[in-house]
There are 2 protein chains.
Amino acid sequence: MDGDVTKQRVLESAGKTFAEKGYESATVREICDGAGANIAAVNYYFGDKQSLYLAACVEAQCAREGAIPMPQWQPDTPATERLADFVRTLLRRLLEDERPAWHRQLMLREMASPTEACAHVVEDYIRPMSMVLKGIIEELLPEGTSEVDGFLVGFSIVSQCLFYHVNQPIASRLMGTEEYNRLTIDRLVAHITRFSLAALGYVEPLAKPSRAAQVASR
Amino acid sequence: MDGDVTKQRVLESAGKTFAEKGYESATVREICDGAGANIAAVNYYFGDKQSLYLAACVEAQCAREGAIPMPQWQPDTPATERLADFVRTLLRRLLEDERPAWHRQLMLREMASPTEACAHVVEDYIRPMSMVLKGIIEELLPEGTSEVDGFLVGFSIVSQCLFYHVNQPIASRLMGTEEYNRLTIDRLVAHITRFSLAALGYVEPLAKPSRAAQVASR
DNA sequence: AGCATATTCAAACGTTTGTTTGAAGTCAAG
DNA sequence: CTTGACTTCAAACAAACGTTTGAATATGCT
């Protein structure tokens with residue numbers, strides 16, 4: 001009874017193909033070929049193409065969350081350190097070349113043009129991360145900061161991480177493929193946390209302009 | 001001889017439809033229906049679907065660039081002010097509800113999953129903006145800063161702008177639709193420039209932690 | 001072994017896709 | 001009015017799509 005193994009192979013091939021080509025361009029025949037299965041396997045195991053797509057989405061997000069969990073901090077861990085850990089976790093989830101490299105592509109595609117079927121990805125996957133970041137930011141910002149300003153700071157931090165995920169091809173072409181490929185996750189974590197913590201005033205700014213330039217910019 | 005007007009109508013309908021549905025899902029029948037033209041109009045004026053898509057991309061980027069040009073600065077304009085202008089121009093190009101609202105969607109789709117046909121969008125559209133930003137950043141950062149570090153800072157700034165474009169549905173759902181819709185472009189410009197200039201040390205940081213917290217975070 | 005269930009397979013189904021065709025229509029110049 | 005180039009149209013094209021079918025094969029149980 002090797003039915004379950006073919007089902008799994010189809011699911012994996014589906015995720016890979018959907019991520020690469022998108023929902024419409026990926027054909028059932030191509031998926032089944034990639035899985036070494038018959039065309040009817042999709043109908044037999046998943047019903048139809050759309051259900052297969054949904055299953056691939058769920059699989060991707062579960063695998064991703066399990067593979068790179070949020071760290072469990074000690075109660076006395078300073079917020080600055082937790083921010084660095086958060087950035088690292090997010091970047092790893094987005095960029096790391098895990099065994100199934102298509103997970104991130106598939107999730108990205110959903111973010112760019114959200115299918116109604118996968119709308120709950122936000123609630124199940126994004127919201128929890130958002131709450132963690134919110135806790136960190138509230139501790140870093142002065143009391144009495146409005147909720148909107150908190151969100152804006154959160155967006156500023158998260159967006160820097162998402163950039164290297166969404167605009168990988170563009171960024172790569174812009175700064176040169178060689179140079180771009182030398183950017184390790186550690187390097188990005190260091191830059192983003194330093195940039196953000198400097199903006200909040202917790203580390204030295206990246207530049208130290210003369211007092212004159214500082215005044216002129218007001 | 002109203003041939004050119006139908007061609008234009010097809011082009012506009014194509015842009016709208018491609019942006020809304022994506023390349024594969026948008027059918028030439030739907031596009032021609034939207035333009036009130038016959039199905040053969042695509043072949044007659046553009047050759048085939050792919051050429052029509054390319055034409056729509058070019059049209060979108062030209063219209064966008066012409067509608068919201070980069071400001072021409074006086075030679076003595078300080079870099080901090082130019083950065084604010086740059087952020088505003090970029091945000092307006094990305095977010096402003098211009099008459100043809102589909103331009104940005106189409107360009108976004110290309111960035112998310114670049115077609116080989118539209119690869120030169122990077123060279124023609126992104127590269128010039130990148131050079132402008134590079135000039136600003138080089139003036140803000142201390143001399144001797146490596147080119148890679150310059151790119152990283154540029155990415156940090158641009159990514160904050162792109163975020164509200166790419167992840168509009170997610171951000172909206174996250175902070176609540178009401179609150180999100182109250183975010184004006186001016187508000188975003190103010191936040192992003194302040195956050196970035198604070199990171200570089202040109203304005204006061206968003207938070208002023210106690211000396212103790214600052215030391216503890218090292 | 002023999003039966004029953006689960007899985008695989010090749011073939012065909014009806015639709016829809018992008019594209020092509022050739023005739024019909026439009027309009028200005030001779 | 002006739003000509004000729006330009007534009008529109010309905011109809012049809014082959015190809016590819018997702019899906020279904022029914023028989024063939026494998027597997028597990030008594």
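What you see below is based on every heavy atom in this structure, not just the backbone, and it leaves out hydrogens, waters and symmetry mates. Each chain gets a letter, A, B and so on, in the order its sequence line appears, and its residues count up from 1. Not measured: the values here are computed from a predicted model.
Protein atom CD1 of B:Ile31 is 18 Å distant from nucleotide atom P of C:dT16, rounded to whole Å. Between the CG atom of B:Asp48 and the P atom of D:dA15 there is a distance of 18 Å, given to the nearest Å. When the P atom of C:dT7 is taken as reference, atom CG of A:Asn43 falls 14 Å away, rounded to whole Å. In this structure, CD of A:Glu24 is placed 14 Å from C1' of D:dA16, rounded to the nearest angstrom. Summarising the geometry, the separation between OH on B:Tyr53 and P on C:dG18 is reported as 14 Å, rounded to the nearest angstrom. We find that OH of B:Tyr45 is positioned 17 Å from P of C:dT19, with the value rounded to whole Å. Between the CG atom of A:Asp33 and the C1' atom of C:dA10 there is a distance of 13 Å, given to the nearest Å. Atom P of nucleotide C:dT17 and atom NZ of B:Lys49 are separated by 9 Å, given to the nearest angstrom.
Listed nucleotides: C:dT20, C:dT19, D:dT19. Nearest to the side chain of B:Val28: C:dT19. Nearest nucleotide to the B:Thr6 side chain, out of D:dT8, C:dT21, C:dT8: D:dT8.
Test A:Phe151, A:Phe155, A:Phe163 against B:Phe163 for ring-ring contact (aromatic ring centres under 6.0 Å, His included) and you get one pass: A:Phe155.
Mapping B:Ile39 and B:Tyr44 onto DNA chain D by nearest heavy atom places B:Tyr44 closer to the 5' end of the strand. Of the two residues near DNA chain C, A:Asn38 and A:Arg29, the one whose nearest nucleotide lies more 5' is A:Asn38.
Classification of A:Arg182 and A:Glu179 as a salt-bridged pair holds, one side-chain N sitting under 4.0 Å from a carboxylate O. The pair B:Lys21-A:Glu24 does not meet the salt-bridge criterion, since no charged nitrogen lies less than 4.0 angstrom from a carboxylate oxygen. Ionic pairing of B:Lys134 and B:Glu147 is present here: one or more N-O contacts between side-chain nitrogen and carboxylate oxygen are shorter than 4.0 angstrom.
Within the 4.0 angstrom heavy-atom criterion, no nucleotide atom of any strand lies near B:Ala41.
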